[in-house]
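Numbering starts at 1 and runs along the sequence shown.
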Amino acid sequence: MKRLFYLLFLTSTGLQAQDISAPANLRLTGTRSWIRVDWEDKASNEAGYHLYWSDSNHKPATPSATLPANSTRYYIQQVKGNTRYHVWVEAFDTRQHSKALTDAVLTTTQWSLDTAEARRLDIASSAAVPEGMALYWHDEFNDSLLDRNKWHTTYYSNIDFLKKDNLDNMRNGTLPEAAYTLNGHTINIFTNDSLPAKAYYPNGRKISSIQTYDWRTNENLLDNSRGGYYEVRVKRSFTGKPQGLNTAYWFDSPGPDLKYYLQEGTTLDGVTGIRPKGQVFEVDVFENIDAQFVLHGHVDDKGRFVHNLNTHIAKGFEHKDQWVTHGILWTPNSIKHYINGQLIKAYTDKHQIYSPNHVMNVFLGSYGGGGSVSMEVDYIRGYQWPLEGNNELPNPGFEANTSLLPWEGNGTLAPGRNGSHGLLLKAGQEMEQYVYLDNNSNYQLTYWQKGNSPLHAAVANMKLVTGDLQQAAAQTQSGNAGFTRQQLYFQTGKEYGGNMKTVRIYFKNTGQQDIILDDVTISKTGK
């Protein structure tokens, strides 16, 4: 009766009850474990918001959640993966509610790059990112919940499997869960007397770690088989005297057995090794508080771990309680280490190539027994050379940068086809690029050349570690005053399973006149 009197009073006095404004720009992000609901708060007189959701297209009769005024974000948890959910958001006050804003989202179990988020990174990556590489995977840790499309939260590694540490717990899914907190800007991964609730080792040492591969389910969340540049910004701390103190950002070969740990010719517990002697099975970008960089790979013919392949510690950096940026550039024929954008050491010997040619598990973790250990992570980012269309060759038109990376040699930039850049090769000059391609596959190399001089083109399969080359195809063609298209067919060599094959693409001006090379492509053929 009072409400009717109020409305009649507004009408009789010429006033109208103001309709409450609806929220705007609803944005839904779906993962395997939660849906993030974002909207713009457009209502100036709302008492709050009602949220509804359903895995059918029918709005529930009662709200699934009620939020206070000025809210703009909510996480729907305990969702089913690979399921389409419908979400409704409406503002309300004491008299009415707005028109519901609605949309639908799929709770995908695969992570994909959000290009809008990638364009507005809060903190820029370091100068170590090669010019021309593009962000293809990252986590800014700006959510209130961990994105389980990017991370698993139970630690396990090759060395644990070798020693059979916690083997039953791994197989039964009862490994300790990582302890971490998110504040909307960073993630803090930690161990203390209370968390994780269960120690990893009998001596009381605990491990909190997130990683991109899960040993029990054999699920990999990150395809980094083509290498790239990977960078984290972290602050590492500890209190007391933790036993086995460690903080680490590292890469380890995946399971679900030891084939990537064991060397070729070694068999242990019915598993035969596939890793060539001298190739890494583990790369520690940093471990310990002094940020030691380690390439692990010495394993004897009994399967026992012997020592690292190489290691170094960068001097002049303070790590405890300091924000520091750590990066690794992993190419088909080299590994380079960076701190705060500064090159610390480059492993570029083409007769001792440590680079793995397969997916690697990425870890961020804190380790210790007693006291506390923590690693706060601002971001982790992965960059790769962008590939266009069916072309699997990075920087094919020499447009990515002025240094010609990832090409190597003594050629220089010059005007190319259609007003673009090209590569100038004077008499005797040469250029090459090492690239990861699918193994045991047929490819076509296509390129355009200009100039009255013969150009030698060659493709070779590279033997892992030693860098020895086996020619797959070669030809020498003379050009003319205009650009002419050339083709060369080749087959990549075999590697284990779906592992990548490292291939060298090589060009040399064997004549006396200048040559311009442009638009080099490598694409699969049906031949």
Side-chain angles (χ1 to χ4, degrees), residues 152-176 200-202 207 209-227 248 250-284 287 294-310 330 332 335 352-363 365 436 438-441 461-466 492-502:
H152 296 288
T153 55
T154 52
Y155 166 86
Y156 211 69
S157 73
N158 272 277
I159 296 299
D160 295 287
F161 195 89
L162 174 70
K163 297 180 178 179
K164 296 182 171 53
D165 289 330
N166 284 300
L167 183 58
D168 289 340
N169 287 332
M170 183 271 286
R171 288 173 170 167
N172 296 332
T174 55
L175 288 169
Y200 193 85
Y201 295 112
I207 299 178
S209 177
I210 60 175
Q211 51 275 318
T212 58
Y213 171 79
D214 184 78
W215 275 75
R216 182 178 66 87
T217 61
N218 195 27
E219 182 184 25
N220 180 54
L221 300 176
L222 171 62
D223 182 5
N224 54 15
S225 55
R226 291 181 184 267
W250 57 295
F251 294 64
D252 192 35
S253 297
D257 52 40
L258 292 178
K259 60 180 172 288
Y260 287 106
Y261 165 82
L262 299 171
Q263 291 179 172
E264 290 174 334
T266 301
T267 300
L268 183 67
D269 295 334
V271 175
T272 299
I274 63 169
R275 181 176 59 86
K277 183 177 181 179
Q279 187 185 63
V280 299
F281 70 83
E282 175 185 328
V283 180
D284 301 324
E287 63 175 353
V294 186
L295 301 169
H296 282 300
H298 278 313
V299 175
D300 69 18
D301 58 6
K302 304 293 184 184
R304 292 172 298 204
F305 174 68
V306 178
H307 203 256
N308 57 62
L309 293 166
N310 221 318
W330 156 18
I335 290 177
Q352 174 49 73
I353 298 173
Y354 299 114
S355 306
N357 62 326
H358 51 78
V359 162
M360 295 289 276
N361 186 5
V362 181
F363 293 75
Y436 283 129
D438 289 341
N439 82 78
N440 197 29
S441 299
N461 290 301
M462 190 201 82
K463 185 177 181 181
L464 296 174
V465 181
T466 66
T492 56
K494 293 183 179 180
E495 295 291 350
Y496 176 83
N499 290 357
M500 308 305 290
K501 184 65 183 178
T502 304

Check whether [X] reaches the backbone of [Y] with its side chain - one donor and one acceptor, N or O, closer than 3.5 Å.
{"X": "N439", "Y": "M500", "answer": "no"}
{"X": "D284", "Y": "V294", "answer": "no"}
{"X": "W330", "Y": "P356", "answer": "yes"}
{"X": "S441", "Y": "T492", "answer": "no"}
{"X": "T266", "Y": "G303", "answer": "no"}
{"X": "D223", "Y": "S225", "answer": "yes"}
{"X": "Q263", "Y": "V299", "answer": "yes"}
{"X": "N224", "Y": "G227", "answer": "no"}

Under the rule for side chain to side chain contact (heavy atoms under 4.5 Å, CB included), what residues qualify as partners of [X], not counting sequence neighbours?
{"X": "T267", "value": "T272"}
{"X": "V465", "value": "P276, Q279, Q352"}
{"X": "L175", "value": "T154, Y156, N166, N169, M170, Y200"}

Looking at side-chain heavy atoms only, is the closest gap between [X] and [Y] below 4.5 Å?
{"X": "F363", "Y": "I210", "value": "no"}
{"X": "H358", "Y": "Y496", "value": "no"}
{"X": "I159", "Y": "Y261", "value": "yes"}

By side-chain hydrogen bond (donor to acceptor under 3.5 Å, both in side chains), K501 pairs with (sequence neighbours left out) E495

Tell me, with the steps shown, if K302 and D300 meet salt bridge (Lys or Arg N to Asp or Glu O under 4.0 Å). CA-CA 5 Å; K302 304 293 184 184; D300 69 18; over 6 Å; no

Taking it one step at a time, do L309 and H298 satisfy side-chain contact (heavy atoms from CB on, under 4.5 Å)? CA-CA 6 Å; L309 293 166; H298 278 313; 3.8 Å; yes

ring-ring contact (aromatic ring centres under 6.0 Å, His included) against F251, all qualifying residues, sequence neighbours excluded: Y230, Y249

Considering residues at least two apart in sequence or located in another chain, which fulfil the ring-ring contact (aromatic ring centres under 6.0 Å, His included) criterion with H152? none

Determine whether N499 and I274 satisfy the following criterion, side-chain contact (heavy atoms from CB on, under 4.5 Å), listing intermediate values before the conclusion. CA-CA 11 Å; N499 290 357; I274 63 169; 4.2 Å; yes

Is D165 salt-bridged to K163, going by a charged N under 4.0 Å from an acidic O? no

